[in-house]
Structures are given as C-alpha cells and as structure tokens.
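Notes to accompany the following structure.
Every value quoted in this text rests on a predicted model; they were computed, and no experiment measured them.
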Amino acid sequence: ALARAGVGALTLVDDDRVAESNLNRQIIALTTTLGRPKTAVAAERVRAINPACRVVEKQLFYTPETADQVPLDGADYVVDAVDTVTAKLEIIARARAAEFDRIVCAGGDGTLHEVVNGLMALPPEARPEVGYIPAGTTNDFSRNLSLPRGMEAMARTAAAGVPRPVDIGRFNGEHFIYVAAFGAFTDVSYQTPQQDKRIFGRLAYLLNGVKSLGEIRPIHVRVETDTETIEDDVLLGLVCSTTSVGGFRARQDMGVKLD
C-alpha cells in the first residue's frame, strides 16, 4: 500500500523467513517464496510496484542491541510491527528522541496496552501523542472513542486528529488503558490461539472460555474506596473505565468517563 501511494523511500527490517504458516495471511507468502528472507521478498514486490521507490533491506530483528543499525533520524514515519515489549519500548524512546510528535498504534487492545506502557515509562514531558487504528479481534477500547467508520477514515484520524485526554490506570505496578481484571476467564485472551481468532473472531474467546469452566474458583477480595469498603467472594473482578469488555457491551449506562 505504501509503494502504491507513492512513498519515495522505505527501510524494511526483519530477520524472519517466509514460512508455510504465513501462506494464509501474508501477501508476500507464496509457495515460490518459502524459505526466503521476508525483507528480500517484500523489497522485490515494492520495486515491481514502484521502481522509483528507494528500498533498503535490513535483515535483522529489531532489539535494543541492534537498534543502532536502524537509525530513525530522517524518517518521516516509523511503522512498528514487532512482537516484543523491549523492542517496542526502544522504538518509542528513539522515536521520541528523533522528535516524532505522534505515535500511531495499529492493532488490538493488547498492542495498544504495550504502547501505552512504553510511553508511561517516559517522563510526562517526553510522551508523544498516540493515534489508534483498531485492528484487533474485539477492539473494546475503540468503542469508547466514537471513531469514524472505515480503515481509511480511522487512519486519517489517528495521524492528524485532535488529541483528547484519556485516564490511565495502574494495577500491580503495570498500567492499563481501560480494564484490569482478576479471576475467571482473565487468561482466555492470552491462551486463545491466533488462528482461532482469525477464523471465529471474538467468538473464539467464548469457545476457549468454556474450556475453563471446570477450573473456576471464587476469590476472596476486599475493596476500599474513599466512601466504602466491600468484602466478598467473587468469580471475576474488573476495574474498568469502559462499556465493553471482551466484545460484550454493557446493557445500561454506567456513567463511564475516559477523562
């Protein structure tokens, strides 16, 4: 898409090779490209689409140790598609040092969670704005934002929309954007295979949650607020500022505010 849009220069960074498991989901994955470096295959495709585009291939995994080999100075945009938290934190820190004013996150709630935790590790004055393109399975957080419909419209908003403040919670030393949970089903989103989510969407969470029904045990909790103390045995506890969790929306107005 970037090559077709007329982008003049691209630096492609990856140390992975095309595998059979990529055939159903990656445009560069063909039976003829199996085993080849993904950067090389992607570079060929870019040049075939736009011969004028300057392509630099970096066959390496982006980590804090290899980051110096991928300087961000002079880049107009940095697209983060890495899987590890340490790499994300490194990209965020270096993007900020290179004076990027906004980080755009494209992915699900888990990806946004990692980005926010990376930003919260920076001093308040060093945190750039965050744009969000919901592209996950349930996209709970985006339901609170009244984003426009359509990927192109959401991308424009993420890149150039007017920022708004959003509350960030802290639970057991980790930040969360809209929900922190404990008890039954809280590990379902981590244990549900990616392939199941691609096939069944948010129904995959429900199907995998059913498997854990026999293991559910109540947890004794004590909650103290400024006005009251609640103590009870619960199956599932949620600390949240959202009207949607796991794709299930609240059936009544709970007065949720993000700011």
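Note on Leu112 and Val166: same hydrophobic cluster, where clusters join Ile, Leu, Val, Met, Phe, Trp and Tyr whose side-chain heavy atoms are under 4.5 Å apart, directly or indirectly. Under the 4.5 Å side-chain heavy-atom criterion for Ile, Leu, Val, Met, Phe, Trp and Tyr, Ile27 and Leu30 are members of distinct hydrophobic clusters. By the criterion of side-chain heavy atoms lying less than 4.5 angstrom apart, applied directly or through intervening Ile, Leu, Val, Met, Phe, Trp or Tyr residues, Leu72 is not grouped with Leu122; the two fall into different hydrophobic clusters. Under the 4.5 Å side-chain heavy-atom criterion for ILVMFWY residues, no single connected hydrophobic cluster contains both Val70 and Leu89. Linking ILVMFWY side-chain heavy atoms closer than 4.5 Å, directly or via other members, places Val13 and Leu10 in two distinct hydrophobic clusters.
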*Can you check side chain to side chain contact (heavy atoms under 4.5 Å, CB included) on Leu23 and Leu34, steps first, answer last?*
CA-CA 9 Å; Leu23 288 172; Leu34 291 175; 4.2 Å; yes
*Begin from the C-alpha positions of Thr111 and Lys88 and carry the test side chain to side chain contact (heavy atoms under 4.5 Å, CB included) through to its verdict.*
CA-CA 10 Å; Thr111 303; Lys88 287 183 182 295; 4.1 Å; yes
*Mind running side chain to side chain contact (heavy atoms under 4.5 Å, CB included) on Arg170 and Met120 for me, showing each step along the way?*
CA-CA 10 Å; Arg170 187 175 176 85; Met120 295 303 290; over 6 Å; no
*Do Asp14 and Phe61 pass the side chain to side chain contact (heavy atoms under 4.5 Å, CB included) test, and can you show the C-alpha distance, the side-chain angles, and the key distance before you say yes or no?*
CA-CA 5 Å; Asp14 199 348; Phe61 284 129; 3.7 Å; yes
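Judged purely by atom type and a 3.5 angstrom limit, Asn117 has no side-chain atom pairing as donor or acceptor with the backbone of Glu114. Judged by distance alone, with hydrogens and angles left aside, the side-chain atoms of Lys58 form no donor-acceptor pair with the main-chain N or O of Thr11 at under 3.5 Å.
Between Met151 and Pro134, the shortest heavy-atom contact is CE-O, 4.3 Å. What you find for Ile91 and Val78 is that their closest heavy atoms are CG2-CG1, 4.1 Å. In terms of heavy atoms, Glu90 sits closest to Ala67 at CG-CB, 3.9 Å. The two residues Val82 and Tyr62 have their closest heavy-atom pair at CG1-CB, 4.5 Å. In plain terms, the two heavy atoms of Ile28 and Thr33 that are nearest each other are O-OG1, 2.9 Å. When all heavy atoms are compared, the tightest approach of Ala158 to Ile133 is CB-CG1, 3.6 Å.
A distance of 8.5 Å separates OG1 in Thr39 from CZ in Arg17, rounded to the nearest 0.5 Å. The CZ atom of Phe100 sits 7.5 Å away from the CG atom of Asp76 when rounded to the nearest 0.5 Å. The CD1 atom of Ile219 sits 11.5 Å away from the CZ atom of Arg217 when rounded to the nearest 0.5 Å. One distance of note links NE2 of His113 with SG of Cys105; it measures 11.5 Å at 0.5 Å rounding. The distance from the CG atom of Asp16 to the CG atom of Leu60 is 12.0 Å, given to the nearest 0.5 Å. To the nearest 0.5 Å, atoms CG (Asp232) and CZ (Arg222) are separated by 12.5 Å.
Few gaps surround CD on Glu228; more than 12 heavy atoms of other groups in view lie less than 6.0 Å from it. Counting non-hydrogen atoms of other residues, nucleotides and ligands closer than 6.0 Å to CZ of Phe171 gives a total above 12. The environment of Glu231 atom CD is dense: over 12 non-hydrogen atoms of other residues, nucleotides or ligands sit within 6.0 angstrom. Atom CZ of Arg47 sits in a crowded spot, with more than 12 heavy atoms from other residues, nucleotides or ligands closer than 6.0 Å.
Salt-bridge check for Arg36 with Glu57: failed, with every basic side-chain N at 4.0 Å or more from each acidic carboxylate O. Ion pairing of Asp68 with Arg94 is present here, as a side-chain N (NZ or NE/NH1/NH2) and a carboxylate O approach within less than 4.0 Å.
Residues Ile168 and Ile177 meet the side-chain proximity criterion, which asks for heavy atoms closer than 4.5 Å. For the pair Tyr77/Leu2, no side-chain contact is recorded, criterion being any heavy-atom separation below 4.5 Å from C-beta on. By the 4.5 Å heavy-atom criterion applied to side chains, Thr63 and Thr86 are not counted as neighbours. The shortest distance between side-chain heavy atoms of Glu129 and Asp101 does not fall below 4.5 Å. A 4.5 Å side-chain heavy-atom check between Val116 and Val130 finds every atom pair outside the cut-off.
Residues passing the side-chain hydrogen bond (donor to acceptor under 3.5 Å, both in side chains) test with Gln59: none are found, sequence neighbours excluded.
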